Structure formats: C-alpha cells, structure tokens
Trainee: 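Below is a structure I'd like to ask you about.
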Amino acid sequence: MKIHKILLATKYAILGFFAFMVSTNSFAQESQGATSATIDEITVTARRVAENLQDVPVAISAFTGEVLERRQITSTDDLGKITPNLEFTNNAPLAGNNASSQVFIRGIGQVDPSSNVDPGVGLYIDDVYIGRSVGGTMELRDIANIQVLRGPQGTLFGRNTIGGAVLLTTTQPGDDFKSSVRAGLGSDSLWELFLATDMPVSDNFKTRFTIGTKRQDGYVTRVNDGTDLGDTDNWTATAKFLFTPSDNLQLKVNLDYTEVDENGVPLVFAAARDNSPFGARASALAGCPGAMFPPPSIPQNIDDPRCFNEFQNKGKYRNNGTNSLTSSLENWGISLHIQYDYSDLLIFKSITSYRELKWRGIRDADNTPLAILHTDYSSDGDQMSQEFQALYEADRLTGVVGLYYFEEDIADILTVTLGIRDSLDSDNNDFQNDNWAIFTQWNYDFSENLSGTAGVRYTKENKGSIPDQFNYATPNVKYLEKKLYEQEYSATTISASVNYRWNDRVMTYASYSEGFKGGGFNSHFNGPASAEALRNFFEFDEETAETIELGFKSDLLDDRLRLNGAIFRTDYTDLQFIFRVGVAPYLLNAGEAEIQGAELELTWAPNESWLIEAGLGLLDDSIESVSTDFLALGAVTAVTTENTLPYTPDMQANLGIGYYFDMNNMQFAPRIDISYRDETFFDTSNTKEIAQLDTVTTVDASLSIDPYNSNWRLVLGVNNATDEEYPIAGNSSLTTGSGYAEIAYARPRWYFATLNYDF
C-alpha cells in the first residue's frame, strides 16, 4: 500500500538523519553571510516553563498570531489545515451545535460530544483546561500563539490528553496605550469587526479590552422554508488586568464572554436504509403510497416527500428536513494567575479559574419531512479548577512540582423523537465530576549536549451521574432508578525522554509517554433498563495510550531553514467504541489498536522575498482486536479488525508559499496555501455513505497590501479557491431501526477583504 511505502521511507529518512549526526557534525556548521530573512525563535510552554521550541523534546507545532493571520486560520477548526496529524472539525453528531468539536491527534480523539464523555484531546486557554467538547470550535480573535502538542501528555497536562493537547495563549496587556481595529466584508453577507485596546493605568498596572463579532449567512438551504444552515452569528468580549506590585510578584485576571445564536448545523441527508422500521412507520402514517408497518416496507421508486427513501436527498447544500433547528451558546469564564518569584531559582504559580457553559442544539437527524429521529439537547454546566506549581531552574537542573484540582457539575436535558413511538423520550442527566492530581517532571543536563527528562503524575477522579430518563407518555416509569451513581478511577502516568544537541543547529531526542482518558456512564437508554443491562452497559472504563517517539529539530542554512520531524508508535488500549442496543449508542471498552506514523515540518526563507512553510503527516493504524463479549448481550457494532480509526487519514500535507515585494512605497505579499488529505472515515464503523472517500486538496489565496509609514493594512483573499466539494463530518444510524445517515460538507468558495488599522 502507498501509506506503508511512504511511512517506511520517512522512517528511514529520519533514522538516517540520526545516524548521519552520529557520524559527522559538519552538516550544521554555521555559514557566513546571513541575511535578514531569518526565522523567528518561538517560545513554547509544553514542559510548563518557557523554552525555545527547538530545545523541547516533544513533537510540537507552534504558531504565532501573525502566522495564523497570514495562513487564513481564523477559527480552531482551521488548525488541521496547517498541523500534521491533527483533525479538528465541528458538527459533532448528537450536539446539533455549530460550536461542537471533534478533535483527533495521531488518530486518537472522541466523536461523542455528550457531557458524560470526555474529549480525547485537551484544550487549554491561557493554562485553563476546557472540560467539554462543545465550545471547542471558536473564533481566533486575540491569539498570541497556539501550540499543538502531539502524543499523550498525561504527565504535565493530565487526563483527557491521551491524543495530545492544544494550548491557546491570548494577547496580554501591553506597556503602551494603543488600539487596533480589524473590519472585514465578504461572500455570503460576511461582516466582522474586532477592536482591541491596551490601557496601561501605571507602570505596574496594565489592562487590555477586546470586543469582536462575526456574521455570515449559512451555505445550506432548507428546502421547505429557505432557512440557511451553517451560518455564523457570534460575539465575544474580554478584559485582562495585569498587576505587578513588586519585582517578584505578578497577578493577572482574565475575563471572557462568548455568545452565539445561529440557525443550525449544516447537516444534510446522506442515506436511508431500505425498509427501516422507524422509516416505514413514519412513511405509512404520512400516507406514503404502498408503505406498511408492520412489516416494515417502504417503496424505493417513489419520489414522494411522504416516503423515507433516497429521493429525500436534495443535494450537498440543500436540507429536506422540517423540524425546528437552533444552535446557541453562552460561555464565560474568569481566571486568576499569580506568579511569585521566590528567588532566582524558585518560582511559585497559582492558576484559579471558574467557567460556565450553556448551550442548546436542536437537530433533525433524518433530514426529511418525516419524524424519524429528532434531538433537542440543552446543557447547562460550570467548572472550577485550581492548580499550584513550583518551578525550579538551576544551571543544570530544571523541574516542576504541581497539584491540580478540577470539578464540574452539568445538567443535561435531552429530548428525543423516535419514529417508532407516538410520544417523546427524555434522556436527562446530571453529571458531577471531580478529580485531583499531583505531578512532577525534572530535566537534567548531563553535559552541554546531553539532557534527560522524567516525570510522573497520579490522578484520582470521581464521576457521578443522576439519570432522569423516561417516556413522556409515562413519566413516572423511569428507565433507570433516579439516584446518584458513582465510580472512582485512578491512574499513574509517566514520561521520559533523552535529547542530544549535536551543535547549535541540531537536536535529536527519544521519548516515551503515557496518557489516559476517563471512563464514565452511558446515558442514552430509551427503555427500562434491566439489572443485566445496567451491569453490562451502564458504565465504561478509561482508555489508555503509550507512545514511543524519535525526533529531531534543526535550524539550518544560517537560520533560514527550520526542519523538524518525528516518527512514533502508539499502543492504544481499551478503546471506547460505540456499540448499539437497538437505536441507543453506548460507549464500551471493546478494542485495542496500534498507530504508527511520522511528521515533518518545514519553514524556509531562502531570501528576503520568499517564505515557504510546509507540513507532512503520515498515519498507519490497525485495530488489533474487538471484543465479542458484548455481542452475546445484545449489543451490535460494525467495527472489525479490518476497520480504520475515525479521522485518521493515511496522509495529510500542507504547503504555504508567500512572496514579498515593494512597489510605490508599499509592500505587497501574495500568498497561496494548499492543504491535502487522504481518504477519511468519520465513524469507527467506516460507513461509506458519510465518509470522505476521495482525496481532497483545498487552496486558499490572499494578497496583503501594507503601505510604508502607515497604520493600516489591507488583505484580500479567497477561501477554498477551487470550490472543492468535500465532507467534513457525518453520522450514521443505518444499522439500527432508525436507518438514517447525515453528512456535512465544507463551505463552498468564498471571498473576503479585511482592513487592519492601528492607532
């Protein structure tokens, strides 16, 4: 297969790099005649201390706010365009909310957005963990930098970073009074506005305030009423206060607020199962000629809106549903960051945060005029976290010791229309989760060239669920006894690495890391649960990953070429696969997988005029085993050892080329960014009806105009310039009684113009 050959070649290339460095140092000797076209040093915090990206033995993609802007990365779900082996998309199946996120790094993540399920990639904003996947898709408005850490980060970042972590750092208050405004117009009635102001009160008290909004029409049209889906309508505001009462004490307070009110997700009809029971009953009740229930029978050759069949498919950008839709979100938080420099060697940090998240998503899952399956999901929750760190930094020894506590309380109200019933189902739950951890990691320089790092973390968590599930026709008959169910989980995760700096230009490393994602309770029973069902299906355990990695980081050609790479192998155990009992989806620990792959990233400034940025990600995954224990209990899964993991393309690549030239006292910067992705499945069942079955290549282009001695800059651009039609997410229930599948496509080509002005 192509992927095996490419992956093998890449492995040998990187291993050859190691061997070459052992045999000679001449490769990276400094050259004379350096130009001004050097590559900037990037500071990262992957080991909880500020370090040069090129010194850290972790596979990291790091982007400054300037890089994100020039590469047209305006929201978190754009990050996969420029990051090897990262898949970041929204439209999670059950949520029905545009802000929901599905994040996978190196093939590990989670598709279920329910509050009882933890994400597999940790998202942090200014060192504060964001506990839920809904809200993960957001605008990038005031970003200083983003770091994508690939591989398990269980030692320093804890549970739910089994695939990796995405760290967002916002811009902090500046020393001078200044403001900047960004205004944009574009296709689909796009308009956006962002204003940021630094207002220093004194030398030791500084503030920063921002407000931003964006609106854009949707690109999927509802046939019955003309409503546009996939629209954007949001606004955010932030306030930051930085107080330094003394040289060794710093206090920061960050506040943020986001509000979203949109029409609904851009999902459309993908497929209908012939003679599905739900479809047959709904078709018969609607008057579809020849439809019967029971037995289930639906005419497949009749183009009639009363019939549940393939004629309900109205195209990639037309939705045939009639159920009411909505997508709304309110998200706010406050955090207090305290840093006390006890001495030149010892620093103490405290990070305290509180956040509230409230959202709603109403979804017409079958995307037809019939009531096959509809969901109305409302969630209202809060989280609190506290982290203490002690950082030690001497000439040869650097380390961190930390204590972390997190708790959350979420109330979910989920109302489900099941086409086989005359009344609605309730799927309500209250979730009460808390966990604490203690961790430490130390790095020791054995010599000027050789360093080693080791770390360990112990985590203990308690998860609780209070289900309130019933049929509205008989609300007193509970599917589960309404009470608090609790379960404790604990894990010890370790990491270790050794790195060798051959000279000022090249560093190589080898590492081992572990991570785990918490277990929990299934909450989608749609009938009275027996004692056996509770025993077998109610609870699922954590899943774990262990990764071995070899990598290198290099700055070559007098700092005009940066080339970083890694190869890795991950053993992924106790996978939380989705099984179904009837139409209900349950997460169960039912498999083991192996993932191996490679990454390369390049930044090259050959001269003052050209800038080339590129990335390559390769993955080769195999599901080693799937448990059959649940099948005898009535659970069904379409996953076999022949399947591939979701959101795990064999190859992913990106290339950005920018050119800078001067004319008429202005600098012009035309640019093109190309992103490539191999065939990708969106569920563990590898359902072809909702998959991206062809390779996809997208092109974004822009032109930046920046006059000399002026405070403004104009950017003209086009996104998806070749008007590629390709899916980005999907959900299938074809194997159940509901028998539907839904899919979402990317927005077609659109244009924009953005004006930036500083004053």
Side-chain angles (χ1 to χ4, degrees), residues 92-96 110 112-119 131-134 357-363 365 373-383 407-418 420-421 423-435 461-489 517-542 576-589 630 633-635 733 736 738:
L94 179 61
Q110 182 56 254
D112 192 331
S114 305
S115 298
N116 62 304
V117 180
D118 291 325
R132 298 295 106 207
S133 61
V134 177
L357 172 65
K358 183 178 182 179
W359 62 271
R360 187 179 186 186
I362 303 178
R363 155 177 164 262
L373 194 144
H374 303 157
T375 59
D376 184 345
Y377 199 154
S378 296
S379 182
D380 190 350
D382 59 69
Q383 68 168 63
E407 68 175 35
E408 63 180 347
D409 194 340
I410 305 172
D412 280 2
I413 299 177
L414 174 58
T415 304
V416 183
T417 299
L418 296 173
I420 204 71
R421 297 177 180 171
S423 60
L424 302 175
D425 257 17
S426 161
D427 215 354
N428 307 336
N429 266 278
D430 285 344
F431 299 99
Q432 302 170 4
N433 305 326
D434 64 80
N435 76 84
E461 62 180 343
N462 181 77
K463 290 197 170 181
S465 171
I466 304 176
D468 186 13
Q469 301 174 359
F470 55 86
N471 187 313
Y472 275 87
T474 55
N476 294 324
V477 179
K478 306 297 184 181
Y479 297 164
L480 303 171
E481 182 182 356
K482 186 179 178 181
K483 67 175 186 178
L484 175 62
Y485 298 85
E486 291 185 285
Q487 183 62 47
E488 288 188 354
Y489 305 95
K517 182 160 77 71
F521 297 94
N522 283 302
S523 64
H524 303 310
F525 291 89
N526 42 46
S530 65
E532 183 183 39
L534 277 176
R535 184 171 58 252
N536 295 320
F537 302 138
F538 187 39
E539 182 187 343
F540 57 92
D541 291 325
E542 65 265 22
Q576 296 169 0
F577 284 163
I578 291 181
F579 285 69
R580 290 186 184 270
V581 178
V583 71
Y586 299 150
L587 278 183
L588 301 172
N589 302 98
F630 302 108
L633 302 173
S733 192
T736 73
S738 54

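What you see is a predicted model; the values in this text were computed from it and never measured.
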Trainee: Going from CG on N116 to CG on D430, what distance comes out if it is rounded to the nearest 0.5 angstrom?
Mentor: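 Those atoms lie 12.5 Å apart.
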Trainee: Starting at CD1 of I578, measure out to OH of Y586 and round the result to the nearest 0.5 Å.
Mentor: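 So the gap between those two atoms works out to 12.5 Å.
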Trainee: Do the side chains of D468 and K482 get close enough for a salt bridge, i.e. N-O under 4.0 angstrom?
Mentor: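 Result for this pair is yes, salt bridge flagged.
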Trainee: Are any of the side-chain nitrogens in R132 or E408 under 4.0 Å away from the carboxylate oxygens of its partner?
Mentor: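 Answer for the salt bridge query: yes.
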Trainee: Output yes when a side-chain donor or acceptor of T474 lies under 3.5 Å from a complementary backbone atom of N476, and no otherwise.
Mentor: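 Judged by distance alone, no pair lies under 3.5 Å.
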Trainee: Evaluate the side-chain proximity of V477 to N471: yes if any heavy-atom separation is below 4.5 Å, no if none is.
Mentor: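 No - every pair of side-chain heavy atoms lies 4.5 Å or more apart.
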Trainee: When you check the gap from the basic side-chain N to the acidic O, do K463 and D118 get nearer than 4.0 Å?
Mentor: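 Yes.
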Trainee: Measure the spacing between CD of E539 and CG of D541 and express it to the nearest 0.5 Å.
Mentor: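 So the CD of E539 and the CG of D541 are separated by 5.5 Å.
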Trainee: Dump the intermediate steps for side chain to side chain contact (heavy atoms under 4.5 Å, CB included) on S114 and F431, then the final yes or no.
Mentor: CA-CA 11 Å; S114 305; F431 299 99; over 6 Å; no
Trainee: Check step by step if side chain to side chain contact (heavy atoms under 4.5 Å, CB included) holds for Y485 and I466.
Mentor: CA-CA 6 Å; Y485 298 85; I466 304 176; over 6 Å; no
Trainee: What distance do I413 atom CD1 and Y377 atom OH have between them, rounded to the nearest 0.5 Å?
Mentor: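 Output value for this atom pair is 11.0 Å.
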Trainee: Rounded to the nearest 0.5 Å, how far does CH2 of W359 lie from CG of D380?
Mentor: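 Going from CG on D380 over to CH2 on W359, the span is 11.5 Å.
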Trainee: Donor-acceptor pair, distance only, cut-off 3.5 Å: does the side chain of Y489 make one with the backbone of K517?
Mentor: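 No; zero donor-acceptor contacts below 3.5 Å.
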Trainee: Which atom names give the shortest non-hydrogen contact between F540 and L588, and what distance separates them?
Mentor: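 Closest heavy-atom pair between F540 and L588: CB-CA, 4.3 Å.
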Trainee: If only atom types and distance count, is the side chain of Q110 paired as donor or acceptor with the main-chain N or O of D112 below 3.5 Å?
Mentor: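 It does hold such a pair.
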Trainee: Test your reading of the model: is there a side-chain donor-acceptor pair from Q576 to the backbone of G518, 3.5 Å cut-off?
Mentor: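 Yes, Q576 side chain to G518 backbone: donor-acceptor pair under 3.5 Å.
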Trainee: State, to 0.1 Å, how close N433 and G464 come at their nearest heavy-atom pair, and which atoms those are.
Mentor: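 Minimum heavy-atom contact is OD1-N, 3.7 Å.
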Trainee: Report the residues that fulfil ring-ring contact (aromatic ring centres under 6.0 Å, His included) with F521, sequence neighbours left out, ordered by chain and then residue number.
Mentor: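 Listed in chain order: F538.
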Trainee: Could you give me the CA-CA distance, side-chain angles and deciding distance for E486 and N462, then say whether side-chain hydrogen bond (donor to acceptor under 3.5 Å, both in side chains) is met?
Mentor: CA-CA 7 Å; E486 291 185 285; N462 181 77; 3.1 Å; yes
Trainee: Nearest 0.5 Å please: distance from the OG atom of S465 over to the CG atom of L480.
Mentor: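 Reported to 0.5 Å precision, the distance equals 8.0 Å.
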Trainee: Would you say the side chains of Y472 and D425 form a donor-acceptor pair under 3.5 Å?
Mentor: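 Result is no, nothing qualifies.
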Trainee: Any ion pair linking D376 and R363 (charged N to carboxylate O, less than 4.0 Å)?
Mentor: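 Salt bridge flag = no for D376 with R363.
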Trainee: Closer than 3.5 angstrom, by distance alone: can the side chain of D382 be matched with the main-chain N or O of I410 as a donor-acceptor pair?
Mentor: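 Checking the backbone N and O of I410 against the side chain of D382, no donor-acceptor pair under 3.5 Å is found.
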Trainee: Donor-acceptor pair, distance only, cut-off 3.5 Å: does the side chain of N522 make one with the backbone of L587?
Mentor: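 Pair found, side chain donor or acceptor close to backbone of L587.
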Trainee: Just by distance, no angles: are the side chains of Q432 and D409 close enough, under 3.5 Å, to form a donor-acceptor pair?
Mentor: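 No donor-acceptor contact under 3.5 Å links the two side chains.
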Trainee: Find out whether T375 and L94 are in side-chain contact, i.e. whether some heavy atom of one side chain is under 4.5 Å from a heavy atom of the other.
Mentor: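 Answer yes - side chains close enough.
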Trainee: Under 6.0 Å from the NZ atom of K478, do we count more than 12 heavy atoms belonging to anything else shown?
Mentor: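 Above 12, so yes.
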Trainee: So which heavy atom on P113 is nearest to which on S133, and how close?
Mentor: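 Looks like CA-OG, 3.4 Å.
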